[in-house]
Amino acid sequence: MNIETFREYCLTLPLTTEDMPYDDTVVTFRLKGKIFAHICLDKPDFATMKCDPERSTELREQYSSIEGAWHWNKKYWNQVTFRGDVSDELFRSLVRHAYNEVNKKLPKKERVTELAETFE
């Protein structure tokens, strides 16, 4: 996985939008205005994604390429290195998980009914 492939995959999820709210180097991916992932164009080695706190701890223990996200609440956000020990398949699964984490927090009437497939 690399930064371009990550961006393209995020944009395949239903109703995903991207913007650059902070400056011209930070790209965020949102579902209905809520961020589920982001990348820094000037630091193209990793992506930051939302994650369930329990699953986040398990992932950090299992993969050296997954750690608490810098400048984000480390309880809910992971930073994942692109060229580490995380397979492309797991990376895509983590993107879907991040998307679903945001979706389940939306008011019921705003939720996407066809969720992205989750990982186990």
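All residue numbers refer to positions in the sequence shown, counting from 1. What's counted below: heavy atoms across the whole structure, side chains too, no hydrogens, waters or symmetry copies.
- A salt bridge links K104 and E101; the closest N-O separation between the charged side-chain nitrogens and carboxylate oxygens is under 4.0 Å.
- Here F82 and F91 bring their ring centres to under 6.0 angstrom of each other.
- The pair E18-R30 fails the salt-bridge criterion, with no side-chain N (NZ, NE, NH1 or NH2) lying under 4.0 Å from an Asp/Glu carboxylate O.
- Around atom NZ of K34, no more than 12 heavy atoms belonging to other residues, nucleotides or ligands sit under 6.0 Å away.
- Of the possible polar contacts, one joining the D88 side chain to the M1 backbone as a donor-acceptor pair under 3.5 Å is found.
- At least one side-chain heavy atom of S56 sits less than 4.5 Å from a side-chain heavy atom of R60.
- Here the side chains of Y76 and D52 are not in contact, with every heavy-atom distance at 4.5 Å or above.
- In this structure, E58 pairs ionically with R55, as a charged nitrogen and a carboxylate oxygen lie closer than 4.0 Å.
- For the residue pair Y9 and R96, a side-chain donor N or O sits within less than 3.5 Å of a side-chain acceptor on the partner.
- Within the 4.5 Å cutoff, the side chain of R7 has no heavy atoms near those of the I3 side chain.
- F29 and F6 have perpendicular rings, their planes meeting at more than 60° on a 0 to 90° scale where under 30° would count as parallel.
- Side chain of Y99 to backbone of A37: no donor-acceptor contact under 3.5 angstrom is found.
- Contact check for D24 versus L41: no side-chain heavy atoms found under the 4.5 Å cut-off.
- With 3.5 Å as the limit, one finds no donor-acceptor pair spanning the side chains of T81 and D45.
- Nearest heavy-atom pair, D85 versus S64, reported as atom, atom and distance to 0.1 Å: OD2-N, 3.0 Å.
- Remark: the backbone N or O of V112 is paired with a side-chain donor or acceptor of N103 at under 3.5 angstrom.
- With a 4.5 Å cut-off on side-chain heavy atoms, H38 and T48 count as touching.
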